[in-house]
*Asks:* 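One structure, pasted below without further comment.
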Amino acid sequence: MPLSWNEIKTRALTFSKEWEHESSEDAEAKSFWDGFFHVFDVSRRRVATFETAVRKLDNKQGFIDLLWKGVILVEHKSRGKDLDKAFQQAKDYFPGLKEHELPKFILVSDFEQFRLFDLDTGETHEFKLRELAANVHLFGFIAGYQKRSYKDEDPVNIQAAERMGRLHDTLEAVGYTGHALEVYLVRILFCLFGEDTGIFERTQFQELVDTHTKADGSDLALQLAQLFQTLNTPKEKRFTNLNETLAAFPYVNGKLFEENLPLAAFDSKMRESLLLCCALDWSKISPAIFGSMFQAVMNPKERRNLGAHYTSEKNILKVIKPLFLDDLYTEFEKVKGNYARLNELHRKISTLHFLDPACGCGNFLIISYRELRELELLILRELYNGGQGVLDVREIMRVNVDQFAGIEYDEFPARIAEVAMWLIDHQMNLKVSDEFGQYFVRLPLDKAAKIVHGNALRVDWADVVPKEELSYILGNPPFIGTAYQSAGQKEDMAYIFHGVNSFGMLDYVTAWYVKAAQYIQNTRAKVAFVSTNSISQGEQVGVLWGEMFNRYGMKILFAHRTFSWSNEARGNAAVHCVIIGFAAFDVPEKRIFDYEHIKGEPTERKVRNINPYLVPGNDVCLQSISNPICNVPKMQSGSATRDGGFLVLSKDEKEGVVKKRPESEKFFRRFISGDDFINNIERWCIWLKNVPPNEFREIPEFQERFKQVKTFRENSTRPGTKKMAALPYLFAEERQPNWDFVLIPKVSSENRKYIPIAYLDKSFIISDKTFVAPNTSIFHFGVLTSLMHMAWMRYTCGRLESRYSYSNTIVYNNFPFPLSPSDTQKKKVEEAAQAILDTRTKYPGSTLADLYDPNTMPPDLVRAHQALDKAVDLCYRPQAFGSELVRIEYLFGLYEQYTAPMFGAEKKKKTGK
């Protein structure tokens, strides 16, 4: 066990005084460095050797003054000699060392002056012998202390996972596979971490492999098996004749080394792979990041982009801060200076219990535990004034890993999560050691996070964490849209949503919401999940949140609106997500985090209530309805061809037919789908509604196409399409307006401020890839083209990937048109709307995609839309709308007014003109 820092400083002072006035004969160097290592209670003879022979780059023989393989190289000179040359000489030895022998530090000295180079960070520290006591913290790596910061993108995490991946591959290649391989690798991970963080002696595991096994690897598996057995055996129960190298390892327990595994088989290359793993400084590894990467090495496809396989700490904090951490820190600030209340807060955080029911490798649990331990350290700092009066730090530590639990479907990440929780616990124990000057380690491991391997949607969560103990549920359950769910996942959905209509449209993640809602009934527990933003948009809202509100009485307490969930790793596709915190009780103040840019930083807003669209407002769920709530024309899909593409022709194809058969021209009509409309693609269709057969029967080009349509429809599995094979010259589903109409594409880019909407005459044939509202006026076009409708659409429509997916039954039918605009107001809207149509015609060579690209939108079109927005806003109220959130909050209020039961008959009387 390492000495306390106070003891180390005392020894450093004694050492400095002993050597400050000694002569500098080279013969005394060994005594000097033996004494130096003794300062840190480390036997130099055990860890480092003098005069290590190496072959330098120029092929000459060299001798390293002092080498601790993989840790530090010391080059010692007589007093007053050039330390720059000593440093260069030290580097010249590197080509003669194996990779796992390369040091992480170089120390050069002339008895009087010390210069320490950290080769990982590039930092250099220089001080005199008499200043050693003030600088001993720089040598924490010798004493068994490590003080590290962790970065999401630190390449050492990826490098470590890649090396473990190679070790995995070599073991798998010789037939060591499955459960045994997974447990074996997790044990090796613990040993690697243990020797670099003070659980074991520094390089203790590496030494065992390097100096106590044969170079051909033939006895390595047996040695590791003996090590694992030793780590699982209390010291007093070990064989009395156990060799001293194995006997020096501590008793670990924790069931990590309990299971008897088949004996592996190593060769020289496999042994070298393990030594390369040992060469890394595992104290730098972040358990929160490495676990996911470690899991990824098992899949060669995922291994190509290891950096993509973790959740960034920044994103995890977006969940845990508003869920519990912010409140705890607020309470801490209030009780600082009050010993009794600080003690009470300390007791409180030691009784909190956390559950991640889709924990993977434990990222959320690890960061949550670390943050709770950080808070505990602050509390202890206040209570004990920097450690004064603390005789044994063990007596004052209360927070422990057994407050955390998880459920994971796959066994390997479940085991990683369990070990990773021990690793983060140890890292925090080292921080406590540094704070209080006492070495603190929890060995043997008598407590563990409870990680259950199983299907979280079938496991009883109360068996994992008793309901009366639970404080918080958190995590990042699998998203999985309905089209991508496996048969087993669909069975899970049916199990959770038993008796719920239309659950088949829901994402898989919604099952965790309902399961959590069932579990936290009549408790004060809070829940926060990361989810795809689709659960707060479109049709899913009515199904999911209808259940959450009406059956289970949930209240949304905080929400991060749509943002890009990504760790910024190269090649890692971002997902558009939301975070929703909820509970079975209400609080007077809720928190909304909104993003001006989805990859930017959020701004927080305090609100009275958050609705399921994650905006301020009452708990309203829009339902899919067949008719508009306002007195406006009904919107429908365009006509469906179901023709295999044979009734629709390109411009060139149409002109080719007309050139041969001029009489055919009158049977062609412009055909428009959403893509045609936005990108100005000219297509035509054969339109023969109410045309006598004798007028087109003699056009062979038509007849050939009708044969193809007939064959296509006859081969269809849809009864309606098969039936229309008898009428191959007509559209399968004809819904052509008989009046001028508004056209809205069903899918549009999320980058546009305005969805491009058209106002067309009845001569255009519209496909079923668009919505049409027949018999509409230019006033309706103006309102639908305005920011009011665009804001409503953005909050209530579904998404296809990230693009807007418009819905007539959800978005349009529930949209609150202006209540009773005056004729003057309506006229201003009509004029402004016409100005937009006129402005578009000024750019005949530009598509609507060009005109509505936010980077290329012409200034006069921008001004025309701004004028329309102002005109439409005044139809709603005289006050300006300061932001989109204000607009949507107002619109939801208006929606409630239009649909409230208190209006009775007036609810049925349509509003709007």
*Asks:* Set out, in order, the CA-CA distance, both residues' side-chain angles and the distance that settles side-chain hydrogen bond (donor to acceptor under 3.5 Å, both in side chains) for Y472 and S368, then state yes or no.
*Replies:* CA-CA 11 Å; Y472 303 102; S368 296; over 6 Å; no
*Asks:* Kindly say whether the aromatic ring centers of Y184 and Y176 come within a distance under 6.0 Å.
*Replies:* yes
*Asks:* Taking side chain as C-beta onward, heavy atoms only, is F593 less than 4.5 Å from L614?
*Replies:* no
*Asks:* For the pair E259 and R187, find out whether any cationic side-chain nitrogen is under 4.0 Å from an anionic carboxylate oxygen.
*Replies:* no
*Asks:* Using side-chain heavy atoms (C-beta onward) and a distance below 4.5 Å, is L274 in contact with L224?
*Replies:*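 Yes, their side chains come closer than 4.5 Å.
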*Asks:* Less than 4.5 Å apart, any side-chain heavy atom of Q485 and any of T482?
*Replies:* yes
*Asks:* For the residue pair Y369 and F404, does the interplanar ring angle fall in the parallel (under 30°), tilted (30 to 60°) or perpendicular (over 60°) class?
*Replies:* perpendicular
*Asks:* With a 4.0 Å cut-off, would you call D326 and R591 a salt bridge?
*Replies:*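 Salt bridge between D326 and R591, a charged N being under 4.0 Å from a carboxylate O: yes.
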*Asks:* So do F332 and I379 actually touch side chain to side chain, heavy atoms under 4.5 Å?
*Replies:*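 Yes. Closest side-chain heavy atoms under 4.5 Å.
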*Asks:* Does a side-chain heavy-atom distance below 4.5 Å link I473 with F529?
*Replies:*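 I473 vs F529: side chains touch.
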*Asks:* Any side-chain heavy-atom pair from F558 and K526 closer than 4.5 angstrom?
*Replies:* no
*Asks:* For A559, does its backbone N or O pair with a side-chain atom of K590 as donor and acceptor, under 3.5 Å?
*Replies:* no
*Asks:* Quick test of your reading of the model: are R347 and E344 salt-bridged, counting only N-O distances below 4.0 Å?
*Replies:*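 A salt bridge links R347 with E344.
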*Asks:* Report yes if the side chains of L470 and T523 come closer than 4.5 Å at any heavy-atom pair, otherwise no.
*Replies:*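 L470 vs T523: side chains apart.
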*Asks:* Could you pull out all residues at least two apart from R561 that satisfy salt bridge (Lys or Arg N to Asp or Glu O under 4.0 Å)?
*Replies:*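 Partners of R561 under the salt bridge (Lys or Arg N to Asp or Glu O under 4.0 Å) test: D594.
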*Asks:* Please determine whether a side-chain nitrogen of the Lys or Arg among E371 and K321 lies less than 4.0 Å from a carboxylate oxygen of the Asp or Glu.
*Replies:* no
*Asks:* Mark yes or no for whether E469, through its side chain, and P466, through its backbone, hold a donor-acceptor pair below 3.5 Å.
*Replies:* no
